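First the structure, in the form of structure tokens, and then the observations on it.
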Amino acid sequence: MSILPQDLLQPTVIQTVFVISLVSVIGIYLGRIKVGGISLGITFVFFVGIIAAYLGVTLNPDMLGYAQNFGLILFVYTLGLEVGPGFFSSFKKGGVTLNMLCIALILAGTLMALGLWAVTPLPLSEIMGLLSGAVTNTPMLGAAQQTLLQMDPGSAEAADMAMSCAVAYPMGVVGMIVAIIVLRWIFKKFHKPIETKEDKDTTFISEYVVSNPAVFEKTIGEVMKLLDVTIVISRIWHDGNVRIPAGSMHLHEGDHLMVVSDRHDTDRITALFGQMVPKDWNSSDIDWNAIDREVVCREIYVTEDKLNGVRLGSLKLRNAYGINITRVNRAGIMLVASRDLILQLGDKLTIVGDAKAIDNVANLLGNHESQLDTPNLPVLFIGLALGVLAGAIGFSIPGMSMPVRLGIAGGPILVGILLGAFGPRFHLTTYTTHSAILILRQFGIITYLAGLGLSSGAGFFDKVLTLDGLVWLAMGFILAVVPVLLVGVIAMKRYKLDFTHCVGMLCGTMANPMALTYAETTGIGEEAPVAYATVYPVTMFLRVIIAQIVMVMFC
């Protein structure tokens, strides 16, 4: 007589939930183990699922399929919702170069995979699995699998695709680290300086002395028209007194200006005003209130629903209240408070001015931080429904025999990006706390990885411990290293990209936070995570879409 309840021994809902939960928790704990400072993280859930399936654990295939697919849908949608606000702005300024290099790396890896398919006897399903593992991108694997199953329901090649991905995945992590080591040697070989520290915010505070006769006695409004970059003049010191700037205020020789701008625009600003004061105003221990004395500096949250999607300039806060908004913190990213900035719920505004005036502005903006703690569930379910619907709609591409569908991996991420980017403009409250988004995203990917391992692991070791398995390992390593080195060298020689941004861009394109963690332990500059985040949204979207196009065109 078994000591276990019968429901755990039968293909029931209880059995499915119990096994997936057990596989997940074991994988999560194993993922905390580090070797040489590197860990596979939650990807260990995938390997624990494979081992469980190899040992004979079987579940109801319909229930397992539902859990796996729903986990993937939840993951890609919440990922799109989180990166949406910065998706299109990532193409501005230096982001254009980073994203073009990102696209080049994706295309190079895809073309190399297709080349290996052409010269080896391996089927395309295994090649796409190897590519997904080499670039450590399980949503790409999910998209390719779904496309294959749409064309051939019940195809046994879907399991081979997952197994080849599992074999190549460790090679993707190790190969990326090897590529970073080689690129570091190349940079030193060519005597390129490696950045070691730089503020990772997009805003930079600096002080200038008005010493250019061309701007003497001109109004701030007139001077601003002479610049082709966005800046905010936070304070003016005139005759020893702190003043809040207004567009009609005149600049005088010797005035000191505190300016918020992009770090890379300081040379042009210096040329305009005449002299930059060599003082670091970006230190975290500066007491702004003690410096000002006559004015105060506070951070105010936007929590009023009616302000979601409103342009900052349309509120005319400076004219109405005599205050100045210097910066906007959105999801941890600092933005310059330009007139054209579209406000979103959850934005944190840094405001300088009279204490009473700031209180009045706080009442207007809401400033009820506790309201932001409640997750916005309607947008979550609306987005999931629209994402699945978008994924099910087929569209024809000339030369392709069957309509292309975004599927459950492509549709939700596209809808998530669009809602995150444009939802506030239609007064849709897309703000959800970072912790809420993170737990949903992690829950989704862990459930997907557990289901993927359990559904594809039965013959894993029988396949790996063969000559074919060794071929998989070698090809996974090649796909992980060669395209990265190729694009990395081009970025260095052709686009003069510094080592910090180069490594961040490469790790983001390969969706490899483990390699980024390794790079940070070597003293790389703090701009690497910014470059990573700049290309990551484009990476996730293109990997999912290209995987489906390749399967439809060549399978």
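This one's a predicted model, so the numbers in the text were calculated from it and none came from an experiment.
Side-chain atoms of D255 come within 3.5 Å of backbone atoms of H252 as a donor-acceptor pair (strictly under, hydrogens ignored). Using a distance-only test at 3.5 Å, with no hydrogens or angles considered, no donor-acceptor pair links the side chain of Y77 to the main chain of L72. Remark: the backbone N or O of L272 is paired with a side-chain donor or acceptor of N212 at under 3.5 angstrom. A donor-acceptor pair under 3.5 Å links the side-chain atoms of E222 to the main chain of T219, judged by distance alone. Side chain of N367 to backbone of Y301: a donor-acceptor contact under 3.5 angstrom is found.
When all heavy atoms of Y208 and T270 are compared, the closest pair comes out as CE2-OG1, 3.3 Å. Shown here for L485 and A179, the closest heavy-atom pair between the two residues is CD2-O, 3.8 Å. Smallest separation of non-hydrogen atoms from A547 and A143: CB-CB, 4.4 Å. Of all non-hydrogen atoms in N99 and V535, the two that sit nearest each other are OD1-CA, 3.6 Å. Heavy-atom minimum distance, T539 versus I106: CA-CD1, 4.0 Å. In terms of heavy atoms, G109 sits closest to P483 at CA-CG, 3.9 Å.
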Under the side chain to side chain contact (heavy atoms under 4.5 Å, CB included) rule, what do H256 and I236 come out as? Steps first, then yes or no, please.
CA-CA 6 Å; H256 284 242; I236 297 178; over 6 Å; no
CA sep, side-chain torsions, deciding dist, call: I186, M492, side chain to side chain contact (heavy atoms under 4.5 Å, CB included)
CA-CA 9 Å; I186 292 174; M492 174 188 68; 3.2 Å; yes
Under the criterion side chain to side chain contact (heavy atoms under 4.5 Å, CB included), I'd like the reasoning laid out for L251 against F216: C-alpha separation, chi angles, the key distance, then a yes or no.
CA-CA 6 Å; L251 295 178; F216 291 171; over 6 Å; no
Kindly determine whether S206 and M276 satisfy side chain to side chain contact (heavy atoms under 4.5 Å, CB included), including the steps that lead there.
CA-CA 7 Å; S206 46; M276 182 177 178; 3.6 Å; yes
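Between F273 and V209, every side-chain heavy-atom pair lies at or beyond the 4.5 Å cut-off. With contacts defined as side-chain heavy-atom distances shorter than 4.5 Å, the pair R543/I546 does not qualify. Looking at V259 and T266, their side chains never come closer than 4.5 Å, going by heavy atoms from C-beta outward. Counting heavy atoms from C-beta on, the side chains of L317 and L364 come closer than 4.5 Å. Side-chain atoms of T447 and F70, non-hydrogen and from C-beta on, never get closer than 4.5 Å to each other. For the pair L349 and E299, the minimum side-chain heavy-atom distance is 4.5 Å or more. Contact of the I325 side chain with the I300 side chain is not registered, since no non-hydrogen atoms from C-beta on lie closer than 4.5 Å. Looking only at side-chain heavy atoms (C-beta outward), C507 and M176 come within less than 4.5 Å of each other.
The CD1 atom of I490 sits 12.5 Å away from atom CG of L497, with the distance rounded to the nearest 0.5 Å. Note that the CG atom of L542 and the CG atom of L105 stand 11.5 Å from one another [nearest 0.5 Å]. Atom CD1 in I269 sits 10.5 Å away from atom CG in L257 (nearest 0.5 Å). To the nearest 0.5 Å, atom CD1 of residue I445 and atom CG of residue L440 are 13.5 Å apart. The CG atom of D498 lies 5.5 Å from the NE2 atom of H501; values are rounded to the nearest 0.5 Å. Of the inter-residue distances, the one linking M505 atom CE with T97 atom OG1 reads 10.0 Å to the nearest 0.5 angstrom.
Heavy-atom contacts from other residues, nucleotides or ligands closer than 6.0 Å to CZ of F443 number 12 or fewer.
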